[in-house]
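In listed order, ligands and their atoms are each counted from 1.
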Amino acid sequence: MAEGDTDDAEDGIAERRMRFVFALRSRGVTDGRVLAAMERIDRGAFLRGIFAERAYEDTPLPIACGQTISQPSVVGLMTQALELEPRHKVLEVGTGSGYQAAVLACLARRVYTTDRHRRLVRDAEAVFVALGLSNITAMTADGSRGLPDQAPFDRIIVTAAAEDPPGPLLAQLAIGGIMIVPVGQSDTVQHLIRVRRLAEGFDYEELRAVRFVPLVEGIAPD
Ligand code: SAH
């Protein structure tokens with residue numbers, strides 16, 4: 001390849017990243033650290049085949065096991081709503097492609113992520129290794145029960161819709177901690193809820209309407 005071709009390819013990548021970040025900003029992702037993390041983590045690495053070409057569009061896309069990678073602006077808004085600090089230990093329920101976990105891993109000390117599909121966990125782990133992200137632990141588990149052995153968590157993010165914020169997750173949230181969870185019946189209107197654990201009780205705040213695949217109980221048989 002001639003030197004000029006390499007420069008052109010690099011210019012193309014730089015421009016694509018700039019447009020990606022610009023689109024995030026225009027949709028309300030304004031936190032500089034979140035934008036830097038999303039600029040760093042290549043969403044294309046978490047997609048396969050024809051969908052990898054569409055990685056920089058602000059749209060959800062299909063992944064294996066009939067699941068979806070979330071829309072980048074929703075990933076950005078949920079990450080921003082978590083108010084992460086570098087010392088935080090985070091639990092994600094719904095690994096899916098692993099993209100959200102990778103973004104979290106840039107902003108927190110340690111990320112635990114769980115999915116009920118073994119195959120998704122395996123594929124995501126391979127991408128974490130390829131990207132050199134060593135602070136993510138991915139596990140096949142029913143995430144609606146949380147991870148009692150690793151609790152409490154400073155932050156919890158659920159990327160599948162629950163009918164109510166799951167009780168075990170509320171119990172595993174540290175005092176002062178924040179949980180972001182889409183709540184609603186599947187395929188009807190869901191709302192992103194921010195739960196803050198206070199010294200006594202919880203504070204609930206409705207952020208915006210969203211659409212996620214449902215949180216399903218138990219480990220998938222695949
Ligand atoms: N965060 C993902 C997108 C998640 S899609 C990403 O960045 O790509 C929702 C995921 O939640 C699916 O992969 C689905 O298998 C998973 N899921 C649904 N119910 C679950 C449960 N009870 N425990 C763990 N994962 C669950």
Side-chain angles (χ1 to χ4, degrees), residues 24 29 34 37-38 40-48 51-52 54-82 90-108 111-128 131 133 136-148 150 153 155-170 172 179-187 190 192 210-222:
L24 291 172
V29 185
V34 174
M38 293 184 72
R40 179 179 152 203
I41 299 296
D42 178 10
R43 187 170 182 250
F46 297 87
L47 289 161
R48 301 283 171 269
F51 297 115
R54 300 182 57 193
Y56 312 101
E57 293 175 24
D58 192 28
T59 183
L61 291 166
I63 56 171
C65 306
Q67 304 301 315
T68 52
I69 183 171
S70 310
Q71 191 176 343
S73 58
V74 171
V75 170
L77 291 168
M78 288 175 83
T79 307
Q80 186 167 283
L82 277 177
V90 183
L91 171 66
E92 179 193 29
V93 176
T95 310
S97 67
Y99 177 60
Q100 170 77 73
V103 171
L104 296 170
C106 295
L107 300 165
V111 176
Y112 292 88
T113 182
T114 62
D115 205 287
R116 59 189 294 278
H117 287 281
R118 207 172 299 281
R119 169 166 174 206
L120 292 176
V121 170
R122 254 199 334 251
D123 289 355
E125 276 178 323
V127 185
F128 300 150
L131 297 184
L133 297 167
I136 307 175
T137 306
M139 285 184 230
T140 306
D142 179 354
S144 60
R145 296 161 186 261
L147 286 179
Q150 306 300 337
F153 295 96
R155 300 290 186 259
I156 299 178
I157 176 170
V158 185
T159 62
E163 286 187 18
D164 291 298
L169 297 184
L170 290 171
Q172 290 171 34
M179 171 159 77
I180 306 292
V181 52
V183 170
Q185 306 285 340
S186 62
D187 279 355
Q190 304 160 358
L192 214 51
V210 282
R211 197 164 183 156
F212 277 86
V213 298
L215 192 70
V216 178
E217 276 190 25
I219 292 179
D222 59 308

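Ligand 1 lies less than 4.0 angstrom from a heavy atom belonging to Ala141. By the 4.0 Å heavy-atom criterion, Ile63 is excluded from the residues contacting ligand 1. At least one heavy atom of Glu92 sits less than 4.0 Å from an atom of ligand 1.
Nearest protein heavy-atom contact of atom 7 (O) of ligand 1 is Gln100 N, 3.0 Å. What sits closest to atom 21 (C) of ligand 1 on the protein, heavy atoms only, is Val216 O, 3.4 Å. From the protein, the heavy atom lying nearest to atom 23 (N) of ligand 1 is Gly143 N, 2.7 Å. Closest protein heavy atom to atom 11 (O) of ligand 1: Gly94 CA, 3.3 Å. The nearest protein atom to atom 12 (C) of ligand 1, hydrogens excluded, is given as Gln67 OE1, 3.2 Å; this is a heavy-atom distance. The protein heavy atom nearest to atom 8 (O) of ligand 1 is Ser97 OG, 2.6 Å. Of the protein's non-hydrogen atoms, the one nearest atom 13 (O) of ligand 1 is Asp115 OD2, 2.6 Å. Of all protein heavy atoms, the one lying nearest to atom 20 (C) of ligand 1 is Arg116 CD, 3.4 Å.
Proximity of His117 to ligand 1, defined as any heavy-atom pair under 4.0 Å, is confined to the side chain (atoms from C-beta onward). Looking at Asp142 against ligand 1, both its backbone and its side chain come within 4.0 Å, counting heavy atoms. With a 4.0 Å cut-off on non-hydrogen atoms, Pro214 touches ligand 1 through its backbone and not its side chain. Here Thr68 has backbone heavy atoms under 4.0 Å from ligand 1, and that is the only part of it that gets that close.
An N or O contact shorter than 3.5 Å is missing between Ser70 and ligand 1 by distance.
Taking a cut-off of under 4.0 Å to the non-hydrogen atoms of Leu120, the atoms of ligand 1 that pass are 13 (O). Short contacts between ligand 1 and Ile69, defined as distances under 4.0 Å to a heavy atom of the residue, involve ligand atoms 8 (O).
Between Ala101 and Ile136, the shortest heavy-atom contact is O-CD1, 3.9 Å. A pairwise comparison of heavy atoms in Gly143 and Leu169 identifies O-CD2, 3.5 Å as the closest pair.
Distance alone, capped at 3.5 Å, places no donor-acceptor pair between the Thr113 side chain and the Met139 backbone. A donor-acceptor distance shorter than 3.5 angstrom exists from the side chain of Gln172 to the backbone of Arg145, with no hydrogens or angles considered.
Phe212 has its side chain within reach of Val74: a pair of non-hydrogen atoms, C-beta onward, lies under 4.5 Å apart.
Using a 30° and 60° split on the angle between ring planes, Phe46 and Phe128 fall in the tilted class, from 30° to 60°.
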